[in-house]
Amino acid sequence: MAACVAFAAALGEPALGPPEVSSDSLVADQTDHPGEAIAVVAAGALPWRVNKDKLEVLLIHRPRYDDWSWPKGKLDPGETVPECAAREVEEEIGLKAPLGIPLPPIHYHVSAGLKVVHYWAVDVDGAPLRPDGKEVDSVMWCSPEKAAGLLSNPGDRAPLEHLEAAHGRGELDTWPLLVLRHAKAKPRSSWSKAEGDRPLAATGTRQAQAVGRLLQAWSPSRVVTSPWLRCVATVAPYAKAVDAKVKLHDSLTEHLHGRSPHKTANVVESLFDKGRPVALCTHRPALPTVFAQLGKHMNSRLRTLLPSSDPFLSPGEIVVCHVSHSKGKVVAVEQFRPFDD
C-alpha cells in the first residue's frame, strides 16, 4: 500500500486531509473511530462546475448498488491515495482532470471492517463526461442542496458541505503549486566528481518513476527545477510523460542558494506571478527558504502545516499548495510521499 502523509486546511477552517497511511500500521486518527484499524482505503472526488453563476456538483448512479454517490474506488497495489482518486474519476466518468482542494475524508463500516474514503474537489471546467456504463450508468448535475437530499450515504454530505463552503469563500477555484525534494541521490562520500553531476541512486531512480506518477494527480504544466543532475533526473519521468515545459533555475541549486538565498525566494515568488499549475524541484538545504516564501502567501494556521524541521522533506516527497485564483493566496496545503517499494 502507498505510504502517504497529507495535511490540509482552508482559511478559517480546521486542518483537514487524509491521515497517515502506511503498510506497517493502518491506524487512522479519525474522530468518530479513534485508534480503530482501517481495513479498506479508497479515494474519489466531488466533480463541480459553475453554471449560470450557480455552483453545481455531479452525482453518479451505480446500478450495482442502486445508489447516488461520488466517483470513488479502492486503492490498487502500488498506488497512492491521490493517484487512486484521479484514476477512479477517469475510469468511472471519463474525466481526466487535476485534483483540487482536499475535502474531509469519511469513515464507515463495511463487511471487512472500517473503511476510509479520501475526497478532493475536481473542476470539470466544461470537459465532456463519459460514464463507463458498467459501474456508472448515469450522472446528474444538480445544486448542492439537491445533491445532499439524493446522496444514499449520509456521510457523503460532509465533503459536499466543505466544498460548498469553500466556494462561498472564493477558495474552491484553485491552481496547484507543488514543491518537491529530489529523489535519493548517491552518497556524497562516494562521489568525487562535480557536485552538480552527482546522480540518483538506484532507489532514487525508482522514486523518480513513482514521483512521475504521483505528480499526474495535479498535472502541473510547468516544472521549475535546479539544473543539477539529481533534480533533473527526478522530474524527467513526469516531464516526458506529459510533455511538461521544464525551466532550469541556477538559484535553486545548493551552491547558489547558500550564497544568495533571496534569489531562491525570488524564484518561488515568481511562480505566484504566473498563476499557473507548476512543480518546483530543489535540494534539502534550499527548502527552508522555499517554505518561508510560501508562508508569506498563507495564513498562520496553514503555515503550521509546512515542514519546519530538518530534513523538511524526505527524498521524493511533495508539498502541494492550492492557490486561489480569485485571492492569489494559498488556501490548502497537503504533503505526500510517492509509493515506496
Side-chain angles (χ1 to χ4, degrees), residues 2-5 78-80 82-83 86 98 176-259 261 263-264 267-268 270-271 276-291 294 307 310-321 334-341:
C4 74
V5 182
E79 190 175 51
T80 61
E83 289 172 75
L177 191 166
L178 303 99
V179 175
L180 166 68
R181 180 184 172 186
H182 66 73
K184 185 175 179 59
K186 286 191 174 181
R188 295 179 194 268
S189 59
S190 66
W191 187 253
S192 59
K193 300 179 183 179
E195 180 63 13
D197 294 332
R198 183 156 58 95
L200 295 179
T203 298
T205 299
R206 294 194 299 272
Q207 284 178 341
Q209 295 293 332
V211 165
R213 295 188 295 270
L214 178 55
L215 285 175
Q216 291 184 50
W218 299 278
S219 297
S221 55
R222 299 182 302 135
V223 176
V224 176
T225 181
S226 159
W228 285 8
L229 180 58
R230 52 192 181 272
C231 281
V232 173
T234 298
V235 300
Y238 172 76
K240 182 177 180 181
V242 305
D243 196 25
K245 180 180 179 181
V246 178
K247 185 172 184 178
L248 308 180
H249 264 291
D250 288 338
S251 295
L252 295 177
T253 63
E254 288 186 33
H255 177 65
L256 287 187
H257 170 263
R259 293 175 56 185
K263 292 185 178 180
T264 305
V267 174
V268 177
S270 71
L271 304 182
R276 299 198 306 270
V278 61
L280 179 148
C281 184
T282 189
H283 309 262
R284 178 189 57 78
L287 289 174
T289 298
V290 171
F291 291 136
L294 287 174
D310 196 36
F312 304 99
L313 294 176
S314 301
E317 195 167 14
I318 297 170
V319 164
V320 186
C321 295
E334 303 179 275
Q335 186 172 337
F336 296 98
R337 292 193 301 272
F339 177 78
D340 187 358
D341 60 0

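- Annotation for L229 and D197: closest pair CD2-O, 3.4 Å, computed over non-hydrogen atoms.
- L294 places a side-chain heavy atom less than 4.5 Å from the side chain of C321.
- When all heavy atoms are compared, the tightest approach of S226 to L248 is O-CD2, 4.4 Å.
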Query raised in the report: Passes side chain to side chain contact (heavy atoms under 4.5 Å, CB included), I318 versus V179? Steps please.
Result: CA-CA 6 Å; I318 297 170; V179 175; over 6 Å; no
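- Across P176 and W218, no two heavy atoms sit closer than the pair CG-O, 3.9 Å.
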Requested in this report: Please assess F336 against L178 for the test side chain to side chain contact (heavy atoms under 4.5 Å, CB included), listing each intermediate value before the final yes or no.
Outcome: CA-CA 11 Å; F336 296 98; L178 303 99; over 6 Å; no
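- Distance alone, capped at 3.5 Å, is enough to place a donor-acceptor pair between the R198 side chain and the K186 backbone.
- The OG1 atom of T289 sits 2.5 Å away from atom NE2 of H257, with the distance rounded to the nearest 0.5 Å.
- The distance from atom CD of Q207 to atom CG of L214, rounded to the nearest 0.5 Å, is 12.0 Å.
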**Report entry** CA sep, side-chain torsions, deciding dist, call: K184, R206, side chain to side chain contact (heavy atoms under 4.5 Å, CB included)
**Finding:** CA-CA 9 Å; K184 185 175 179 59; R206 294 194 299 272; over 6 Å; no
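- Considering only heavy atoms from C-beta on, F312 stays 4.5 Å or farther from R181 through its side chain.
- With hydrogens and angles ignored, the 3.5 Å screen pairs a side-chain donor or acceptor of T205 with a backbone N or O of A201.
- Here the NE2 atom belonging to H249 is positioned 12.0 Å from the CG atom belonging to L256, to the nearest 0.5 angstrom.
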**Report entry** Residue pair E195, H255: steps toward the side chain to side chain contact (heavy atoms under 4.5 Å, CB included) verdict
**Finding:** CA-CA 9 Å; E195 180 63 13; H255 177 65; over 6 Å; no
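- The CG atom of L180 sits 8.5 Å away from atom CG of L280, with the distance rounded to the nearest 0.5 Å.
- L287 and P311 get closest at one heavy-atom pair: CD1-O, 4.0 Å.
- At a threshold of 4.5 Å between non-hydrogen side-chain atoms, the residues E79 and R213 do not count as touching.
- Not one N or O on the side chain of R230 forms a donor-acceptor pair closer than 3.5 Å with the backbone of A185.
- Y238 OH to S219 OG: the interatomic distance, rounded to the nearest 0.5 Å, is 5.0 Å.
- Within the 3.5 Å criterion, the main-chain N or O of A183 finds a donor-acceptor partner in the side chain of T234.
- Rounding to the nearest 0.5 angstrom, the gap separating the NE2 atom in H182 from the OG1 atom in T282 is 8.0 Å.
- In terms of heavy-atom proximity, L252 sits nearest to T225 at CD1-C, 3.8 Å.
- Pairing each heavy atom of T264 with each of S251, the nearest pair is OG1-O, 2.6 Å.
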Report task. Could you walk me through whether R284 and E254 pass the salt bridge (Lys or Arg N to Asp or Glu O under 4.0 Å) test, one step at a time? Result -> CA-CA 8 Å; R284 178 189 57 78; E254 288 186 33; over 6 Å; no
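- Under a 3.5 Å cut-off, the side chain of T80 and the backbone N or O of F339 do not form any donor-acceptor pair.
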